[in-house]
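First up is the structure itself, then whatever we jot down about it.
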Amino acid sequence: MKTVLLTGFEPFDGATDNPSLRLVRALAAAPPADVRLCAAVLPVTYAAAGRVLRAAIAESSPDLVLGTGLAGGRAELCVERVAINIDDARITDNAGVQRIDVPVVPGGPAAYLSALPIKAMVSAIRRAGVPARVSQTAGTFLCNHVFYLASHIAATEFPGLPVGFIHVPWLPEQVANRPGEPSMALDTLVTGLRAAIAAATSAGIDLRVAEGAVS
Ligand code: PCA
């Protein structure tokens, strides 16, 4: 049985909720039968996120790490392709820290590609009836930061440990006062994540289908 470390984030930017936090709690309460699921909720601070992440990896000895976080405004489950070595955001973290053009890891590689079968995961999520796509950018805030750090920790300390990341839309209640903005119900997020985890833990080589972006 494979051990999956699933991470989510605390609320941030003044919000009172984060769908990734609800998602991680829901899956921890009702884990997939054939997986040992370890859940961790990460603080939205540059100072502490890496420490909590590292402790969770050390404690759970996972076979794979799957991070999740909110990407408000996106309509689908976004399976991220790449983490880049930059922190740069217009908003502050939950400790009031703003970073502009700071490397996640000074001297680290420019980027890490997801080590998970991202296209097989997108395909599996869609087959479960949930909108999904490959995303070519995880942004440059805490989600990218944690995706990059987890990939770096894997590369330098746990060779062969695959790391990936999925961004999720707002919950419906978070867009009640944002007309026209996309959202996804928690049950749908859970269905999609179950499919993604099943694909990530079973797929061998990834599907060869176009899921890129022309521009
Ligand atoms: N989303 C933010 C950070 C925490 C979260 O859930 C992001 O996309 O970077």
Side-chain angles (χ1 to χ4, degrees), residues 5-28 39-57 65-105 108 111-112 114 116 118 121 131-153 163-175 178 181-186 188-190 192-193 196:
L5 173 61
L6 181 69
T7 71
F9 277 104
E10 290 174 349
F12 65 101
D13 197 23
T16 54
D17 209 349
N18 189 323
S20 69
L21 167 63
R22 303 266 295 273
L23 179 61
V24 164
R25 282 194 184 145
L27 276 164
V41 175
L42 306 178
V44 184
T45 65
Y46 297 109
R51 184 165 36 78
V52 177
L53 170 72
R54 183 184 296 275
I57 293 174
V65 179
L66 180 59
T68 67
L70 165 67
R74 295 199 193 179
E76 312 88 359
L77 289 188
C78 289
V79 182
E80 298 294 346
R81 187 193 292 268
V82 60
I84 63 174
N85 194 12
I86 280 288
D87 292 327
D88 182 355
R90 98 194 129 67
I91 59 173
T92 63
D93 71 5
N94 286 352
V97 174
Q98 184 181 22
R99 285 194 171 180
I100 297 176
D101 292 348
V102 177
V104 178
V105 176
Y112 286 103
S114 173
L116 299 184
I118 55 173
M121 290 165 73
R133 67 178 170 92
V134 169
S135 162
Q136 321 302 336
T137 172
T140 47
F141 188 46
L142 255 298
C143 287
N144 172 75
H145 180 91
V146 157
F147 183 15
Y148 185 94
L149 262 186
S151 302
H152 190 72
I153 290 170
V163 175
F165 197 94
I166 296 182
H167 261 124
V168 307
W170 271 313
L171 295 166
E173 52 269 38
Q174 292 183 289
V175 298
R178 293 182 170 108
E181 289 292 346
S183 66
M184 195 176 278
L186 182 59
T188 311
L189 292 176
V190 169
L193 251 289

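Bear in mind the structure is a predicted one, so any value in this text is a computation, not a measurement. Remember, it's 1-based here, ligands and their atoms both numbered in the order they're listed.
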Practice problem: Please name the residue in the list Ser20, Cys143, Ser135 that meets the side-chain contact (heavy atoms from CB on, under 4.5 Å) test with His167. | Solution: Cys143
Exercise. Would you check if the side chain of Asn18 reaches a backbone N or O of Gly69 as a donor-acceptor pair within less than 3.5 Å?
Key: no
Practice problem: Compute the shortest N/O to N/O distance between Phe141 and ligand 1 and return yes if it is under 3.5 Å, no if not. | Solution: no
Quiz item: At their closest point, which heavy atom of Val41 faces which heavy atom of Val52, and how far apart are they?
Solution: O-CG1, 4.0 Å
Quiz item: How long is the gap from CG on Leu42 to CG on Leu21, to the nearest 0.5 Å?
Solution: 10.5 Å
Practice problem: Please state which part of His167 comes within less than 4.0 Å of ligand 1, counting heavy atoms only: side chain, backbone, both or neither. | Solution: side chain
Practice problem: Classify the ring geometry between Phe12 and Phe141 as parallel (under 30°), tilted (30 to 60°) or perpendicular (over 60°). | Solution: tilted
Self-check item: Interfacing atoms of ligand 1 (cut-off 4.0 Å, heavy-atom, Gly69)
Solution: 6 (O)
Practice problem: Compare every heavy atom of Gly67 with every heavy atom of Thr7, then report the nearest pair and how far apart it is. | Solution: OG1-CA, 3.2 Å
Self-check item: For Asn18, the ligand 1 atoms whose distance to one of its heavy atoms is below 4.0 Å
Solution: 5 (C), 6 (O)
Quiz prompt | Heteroatom proximity flag, Glu10 to ligand 1, N/O under 3.5 Å | solution = no
Quiz item: Would you say Leu70 has any N or O atom under 3.5 Å from an N or O of ligand 1, going by distance alone?
Solution: yes
Quiz item: Tell me: protein heavy atom nearest atom 2 (C) of ligand 1, and distance?
Solution: Cys143 SG, 3.3 Å
Quiz item: What is the closest protein heavy atom to atom 5 (C) of ligand 1, and at what distance does it sit?
Solution: Phe12 CE2, 3.2 Å
